[in-house]
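Structure, as structure tokens:
Side-chain atoms are counted along with the backbone in the values below, which use heavy atoms only and exclude waters and symmetry mates.
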Amino acid sequence: MSDVELRDRYRVEVPGGGLDVHDLTSPAVLLEGAATPNVVLALHGITANGLTWQPVASALGRTSAGPTRFLAPDLRGRAGSRDVTGPWGLPAHVDDVLAMADAFGAQNFTLVGHSMGAFVAALAAARHPDRVRSVVLVDGGFAFPVPPDLDVDAALQAVIGPVMERLSMRFADADAYLDFWREHPALGPLFDGPAGGALQAYLMHDLVSQGGALASTCVLDAVRADGADVLFDAEVHAGARTAAGAGIPVEFLWAQRGLLDEPRGLYDEQRLAALRLPEDVRVTGIPGTNHYSVVLGRLGAGQVAAAIARVSGVGKQPAQT
């Protein structure tokens, strides 16, 4: 199966505008004549878009996940949802998650989130344990303490570097934009890998024409507001623990390399030990992956898909009325 097998895109109305939602469901896991499928809502990172998840959706088609519908929105302020006027912040994303689930008739669903999207997934599960069946957090969702006077822009620049820089850049054409990414130490090697086509589709989905050049679709105010919540909001930081305490199955997968493919990732064994994660959270480190290849590379996508398959058939069922 190709990792660039793009399918339907839907529009879901939310406060401030409409969200684009990519239906990346694989025919291999949406069986003809099957019962109502499990629904997976996949939430991307702070400057990404829904096509981040194409390699994972394709990998899920190679598992025994059972009938599964895989939906990946462009979160508000990004890509096809860039025209949403606000509000910004992680609580707004949580409300959008519920709006998407309602639009697709999903009373219960599994959430998978990467980076910032993992924090959104955890917060949604904590606030709505009656709706969220299970959660997979990928290289995000558990926070470390930061100084309360930390500047949001400086912190984002320090953590995501070139990814943040591109928001103010202009590119002459698509080739120039792709060449920018080919130089990225974590993403560049993926261009020549088996998921290279999916990577390029994801990157190109971020482009919009602006003043005779090409620019990122990301709305800077949205990125700043979301970044502030990830860094400072106590309810966001407690989300995964709250969800696990409510009995929701939570899996946490972390990349062993970093955002620039440096040997130390956002998480490591020592940092995780200091966090004292709940005992019922399943924790898996994925060797050979960095913060991006953990979802965009074939190896990482396969591990994430396996985790989705593990949790999608367990957890809370719809309340009986």
Side-chain angles (χ1 to χ4, degrees), residues 3-4 6-22 24 43-55 72-89 92-93 96 114-117 151-192 195-228 259-260 291-292 295-296:
D3 278 345
V4 203
L6 305 182
R7 300 179 189 90
D8 296 324
R9 190 188 307 180
Y10 298 91
R11 193 79 166 168
V12 174
E13 293 304 315
V14 295
L19 297 180
D20 269 15
V21 181
H22 304 272
L24 304 179
L43 311 176
H44 61 71
I46 195 164
T47 67
N49 61 69
L51 294 188
T52 299
W53 295 104
Q54 181 61 65
D74 295 336
L75 295 176
R76 56 175 55 222
R78 284 86 170 171
S81 306
R82 66 186 176 277
D83 293 330
V84 177
T85 58
W88 311 122
H93 293 308
D96 291 345
H114 173 238
S115 195
M116 180 204 78
D151 179 76
V152 173
D153 283 357
L156 290 174
Q157 177 63 36
V159 174
I160 61 178
V163 175
M164 188 69 177
E165 290 171 5
R166 88 177 193 284
L167 302 188
S168 60
M169 295 176 68
R170 300 296 179 266
F171 300 89
D173 53 34
D175 287 340
Y177 185 68
L178 293 177
D179 286 344
F180 168 81
W181 286 112
R182 285 189 176 94
E183 297 301 316
H184 193 286
L187 281 168
L190 297 178
F191 276 87
D192 297 323
L199 171 64
Q200 292 194 46
Y202 152 68
L203 294 174
M204 294 300 296
H205 188 48
D206 180 50
L207 284 181
V208 64
S209 180
Q210 191 172 102
L214 296 175
S216 170
T217 61
C218 294
V219 176
L220 187 56
D221 286 346
V223 172
R224 285 175 173 146
D226 293 343
L259 286 94
L260 296 176
H291 183 69
Y292 302 103
V295 290
L296 285 162

Exercise. Which of parallel (below 30°), tilted (30 to 60°) and perpendicular (above 60°) describes Y177 and W181?
Worked result: perpendicular

Problem set entry | Distance-minimising heavy-atom pair for L259 and H184 | O-CE1, 3.2 Å

Exercise. Which heavy atom of S115 sits nearest a heavy atom of H291, and at what distance?
Worked result: OG-NE2, 3.1 Å

For this session: Hey, could you give me the CZ/CD1 distance between R224 and I46, rounded to the nearest 0.5 Å?
Result: 11.5 Å

Exercise. Between NE2 of H22 and CH2 of W53, what distance do you get to the nearest 0.5 Å?
Worked result: 13.0 Å

For this session: Take L19 and R11 through the side chain to side chain contact (heavy atoms under 4.5 Å, CB included) test and state the conclusion after the steps.
Result: CA-CA 5 Å; L19 297 180; R11 193 79 166 168; over 6 Å; no

Problem set entry | Shortest non-hydrogen contact from W88 toward A225 | CB-CB, 3.5 Å

For this session: Can you measure from CE (M169) to CG (L214) and round to the nearest 0.5 angstrom?
Result: 12.0 Å

Exercise. R76 and side chain to side chain donor-acceptor pair (under 3.5 Å): which partner among D96, T85, D83?
Worked result: D96

For this session: Compare every heavy atom of Y292 with every heavy atom of A186, then report the nearest pair and how far apart it is.
Result: CB-CD1, 3.8 Å

For this session: Over all heavy atoms of both residues, which pair between A72 and G50 is shortest? Give the atoms and the distance, please.
Result: CB-O, 3.4 Å

Seminar exercise, completed: CG of L51 to CG of L24, rounded to nearest 0.5 Å, is 6.5 Å

Exercise. Are any non-hydrogen side-chain atoms of T47 and M116 less than 4.5 angstrom apart?
Worked result: no

Seminar exercise, completed: Partner of D206 under salt bridge (charged side-chain N to carboxylate O under 4.0 Å, His left out), picked from R82, R166, R78, is R166

Exercise. Are the side chain of D226 and the backbone N or O of G89 linked by a donor-acceptor pair below 3.5 Å?
Worked result: yes

Problem set entry | 4.5 Å side-chain heavy-atom contact, L43 and P73 | yes

Problem set entry | pair D179-F171: side-chain heavy atoms closer than 4.5 Å | no

Exercise. Checking side chain to side chain contact (heavy atoms under 4.5 Å, CB included) against D74, which of N49, T52, T217 comes through?
Worked result: N49

For this session: Mind checking the CZ-CD spacing from R182 to Q200? Nearest 0.5 Å is all I need.
Result: 5.5 Å

Problem set entry | Spacing of L187 atom CG and Y202 atom OH [to the nearest 0.5 Å] | 7.0 Å

Problem set entry | Closest heavy-atom pair and its distance - A198, P55 | CB-CG, 3.9 Å

